[in-house]
K.L.:
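Sharing a structure here in structure tokens format.
Just follow the structure's listing: the first ligand is 1, and inside any ligand the first atom is 1. Values below: all heavy atoms of this structure, side chains included; hydrogens, waters and symmetry mates excluded.
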Amino acid sequence: MLIAGNWKMNMGYQQALSFLLEFNKLVKKEDKDSFIFFPPAPLSLIFEKEKFYWGSQNIYQKIKGALTGENSVQLFKEMGATFCLLGHSERRYIFGETDVDIEKKFSLVQEQALIPVLCIGESLSERFQKNKVLIKKLSWIKQYNKYEKLPFHPEKLPPDFKDLSFIVAYEPLWSIGTGEIPSVSELEDVISLIKEDFPTVKVFYGGSVSLENALSLSCDKLDGFLIGSESVNPHSFYGIYKQIKSC
Ligand code: PEP
């Protein structure tokens, strides 16, 4: 299992340095491969010198250009990123990102040899027809996913993650930041649904994962967690990992 932390816009520079100082005291060297960080773009520089996997929270859908304020996937790659979050619900619903935008970004990320972590999820009103919603959010991938497995630098990935070309993060909107979580059987059904079409894909769960519920959400079929609020506290973030590791 990988534990990914999405720091969103909730981390400052000094705060990130203190986080890593504390976190490095908690994590054993051999366990560093179990974490992925998604820092705000300017904090990428800090991760250049760290042994953790990391990725960007977003990219622009072109490599280069007169695009003030945007960031290129090529820049993140040059700085050592391995992953790129795509289609997070905050990007979709606050910034109006569409599936078409996400498709373009998905292809660019793969072409630049980074792993897309594609977020999909249903709203509360869609919860009882979520299969339909999720299938629609995944349908275009068949056309845009150029690779069955990674054709690039797999030595930068944990051994279990070599035979994949993207990761899906299942993040129900009704769960993000609300304290509400799905039942394990709901989660297992979604994972089976995704793996039916994409057998080599890894599936993460994200939405209100905490020290209190991480253990109850862990199931054999799940490959990782994507954690928001609890990932900015080194003790909570590490505590979640420790609980999962011990089960
Ligand atoms: C997220 O936004 O990716 C997320 C999982 O947030 P939280 O853990 O705070 O619900």
Side-chain angles (χ1 to χ4, degrees), residues 1-12 15-16 19 23 34-41 43-44 47 52-59 81-97 101-102 105-106 109 115-124 126-127 130 133-134 137-138 166-184 186-187 190-191 194 201-219 222-244:
M1 269 243 201
L2 285 189
I3 310 290
N6 177 9
W7 282 355
K8 310 191 185 192
M9 212 176 75
N10 289 326
M11 188 65 96
Q15 192 188 353
F19 176 104
F23 198 64
S34 303
F35 300 94
I36 308 174
F37 288 92
F38 290 98
L43 298 182
S44 306
F47 281 90
F52 297 108
Y53 296 113
W54 66 278
S56 66
Q57 292 181 10
N58 182 37
I59 52 149
T82 304
F83 300 93
C84 178
L85 267 191
L86 291 179
H88 191 279
S89 58
E90 286 150 18
R91 299 289 326 163
R92 291 180 196 258
Y93 300 105
I94 301 175
F95 299 99
E97 258 184 37
D101 300 324
I102 298 162
K105 295 182 183 192
F106 187 90
V109 170
I115 318 294
V117 180
L118 178 71
C119 303
I120 58 167
E122 78 286 355
S123 66
L124 186 58
E126 294 166 333
R127 189 169 177 184
K130 66 173 170 302
V133 176
L134 299 178
K137 284 190 173 149
L138 284 170
F166 65 102
I167 293 169
V168 174
Y170 170 55
E171 298 210 313
L173 270 71
W174 48 266
S175 175
I176 295 180
T178 61
E180 296 284 319
I181 52 167
S183 67
V184 170
E186 255 181 298
L187 195 52
V190 170
I191 300 169
I194 298 167
V201 105
K202 298 284 181 190
V203 183
F204 289 5
Y205 168 75
S208 295
V209 178
S210 67
L211 270 172
E212 287 71 43
N213 64 26
L215 215 50
S216 68
L217 278 163
S218 310
C219 60
L222 195 63
D223 303 301
F225 283 124
L226 180 56
I227 302 170
S229 5
E230 297 280 310
S231 71
V232 293
N233 178 321
H235 294 277
S236 309
F237 195 49
Y238 182 70
I240 292 173
Y241 164 73
K242 242 179 96 185
Q243 283 199 6
I244 291 158

K.L.:
For ligand 1, list every N/O pair with the protein closer than 3.5 Å, one pair per line with the distance.
P.N.:
| residue | atom | partner | partner atom | Å |
| --- | --- | --- | --- | --- |
| ligand 1 | 2 (O) | Lys8 | NZ | 2.5 |
| ligand 1 | 2 (O) | His88 | NE2 | 2.8 |
| ligand 1 | 3 (O) | His88 | NE2 | 2.9 |
| ligand 1 | 3 (O) | Glu171 | OE1 | 3.1 |
| ligand 1 | 3 (O) | Glu171 | OE2 | 2.9 |
| ligand 1 | 6 (O) | Lys8 | NZ | 3.4 |
| ligand 1 | 8 (O) | Gly228 | N | 2.8 |
| ligand 1 | 9 (O) | Ser229 | N | 2.9 |
| ligand 1 | 9 (O) | Ser229 | OG | 2.5 |
| ligand 1 | 10 (O) | Gly177 | N | 2.7 |
| ligand 1 | 10 (O) | Ser208 | N | 2.8 |

K.L.:
Applying ring-ring contact (aromatic ring centres under 6.0 Å, His included), name anything that partners Phe204, two or more places apart in sequence or on another chain.
P.N.:
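Listed in chain order: nothing, the list is empty.
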K.L.:
Might you work through the side chain to side chain contact (heavy atoms under 4.5 Å, CB included) test for Ser236 and Ile227, ending with a clear yes or no?
P.N.:
CA-CA 10 Å; Ser236 309; Ile227 302 170; over 6 Å; no
K.L.:
Only counting residues at least two apart or in another chain, list the ones meeting ring-ring contact (aromatic ring centres under 6.0 Å, His included) with Phe225.
P.N.:
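Once residues adjacent in sequence are excluded, Phe225 has no partner under the ring-ring contact (aromatic ring centres under 6.0 Å, His included) criterion.
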K.L.:
Who passes ring-ring contact (aromatic ring centres under 6.0 Å, His included) against Tyr205, sequence neighbours left out?
P.N.:
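Tyr205 satisfies ring-ring contact (aromatic ring centres under 6.0 Å, His included) with no other residue.
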K.L.:
Would you call the rings of Tyr241 and Tyr238 parallel, tilted or perpendicular, taking 30° and 60° as the class edges?
P.N.:
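Geometry flag for Tyr238 against Tyr241: tilted rings.
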K.L.:
Hey, which of Phe47, Phe37, Phe52 is the one that makes ring pair (Phe, Tyr, Trp, His ring centres under 6.0 Å) with Phe19?
P.N.:
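So, applying the ring pair (Phe, Tyr, Trp, His ring centres under 6.0 Å) to Phe19 and each of Phe47, Phe37, Phe52, only Phe37 qualifies.
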